[in-house]
Amino acid sequence: DAGVIQSPRHEVTEMGQEVTLRCKPISGHDYLFWYRQTMMRGLELLIYFNNNVPIDDSGMPEDRFSAKMPNASFSTLKIQPSEPRDSAVYFCASTTTGRNQPQHFGDGTRLSIL
Amino acid sequence: QKEVEQDPGPLSVPEGAIVSLNCTYSNSAFQYFMWYRQYSRKGPELLMYTYSSGNKEDGRFTAQVDKSSKYISLFIRDSQPSDSATYLCAMSAVEGGKLIFGQGTELSVKP
């Protein structure tokens with residue numbers, strides 16, 4: 001079975017550029033989460049969706065960050081304009097409603113803003 | 001103070017040792033407790049999932065939750081070099097809801 005698929009795996013871009021990260025959740029999962037991981041702050045939840053609807057975006061750092069889920073099989077996280085402090089590994093995870101259902105993580109996008 | 005505290009290590013042990021990893025938390029609403037393992041350049045993968053207090057065993061891994069002390073532990077018996085990874089505790093107040101992660105403990109098991 002295919003797991004959570006994220007693209008690109010690596011992104012290097014210059015400050016001020018727009019960055020778009022993509023995620024395909026596991027088929028049938030109705031929850032999708034976006035996380036950011038840094039050495040200083042660890043793994044932090046940015047936003048999560050249920051049935052394509054944003055439920056909690058309190059972790060989104062500022063207006064430069066936006067996330068969308070146009071359908072059940074695709075989500076994007078966009079940063080515009082990007083800044084060096086946005087450099088981190090961004091993870092997408094998905095899960096489904098039900099007892100003891102864990103979040104399944106993708107392998108992340110390693111983002112470097114120069 | 002962070003909601004979940006975890007010693008980042010690094011922790012280095014010889015092969016075959018018993019490893020103890022711990023987290024403390026401050027939010028008494030947490031009821032679901034998890035341990036994730038993360039290999040270098042990979043996403044976290046679930047190791048153990050526990051609801052409320054008690055112990056859970058799975059092979060060489062045992063998870064313990066003490067809600068009265070707001071303290072959770074993961075024990076690894078007969079540790080192997082393949083156990084070398086970062087271990088993250090995570091917890092939530094509602095099933096399937098927002099997870100709060102610890103900082104992660106980097107473990108190295110030497111042959």
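- Of the atoms belonging to Glu44(A), not a single heavy atom falls under 4.5 Å from chain B.
- Contacts between Arg9(A) and chain B at a heavy-atom distance below 4.5 Å involve the side chain alone, from C-beta outward.
- Looking at Gln6(B), there are no atoms closer than 4.5 Å to chain A (heavy atoms on both sides), in backbone or side chain.
- Put simply, the side chain of Asp107(A) does not reach to within 4.5 Å of the side chain of Arg41(B), judged on heavy atoms.
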Original post:
Which is it for Asn22(B) and Ser73(B) under the side-chain hydrogen bond (donor to acceptor under 3.5 Å, both in side chains) test, yes or no, and what are the steps along the way?
Top reply: CA-CA 4 Å; Asn22(B) 312 293; Ser73(B) 302; 3.0 Å; yes

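- You'll find the side chain of Tyr35(A) reaches within 4.5 Å of the side chain of Phe105(A), heavy atoms only.
- Contacts of Leu45(A) with chain B are made by side-chain atoms alone, with heavy-atom separations under 4.5 Å and no backbone atom involved.
- Leu77(A) has its side chain within reach of Tyr90(A): a pair of non-hydrogen atoms, C-beta onward, lies under 4.5 Å apart.
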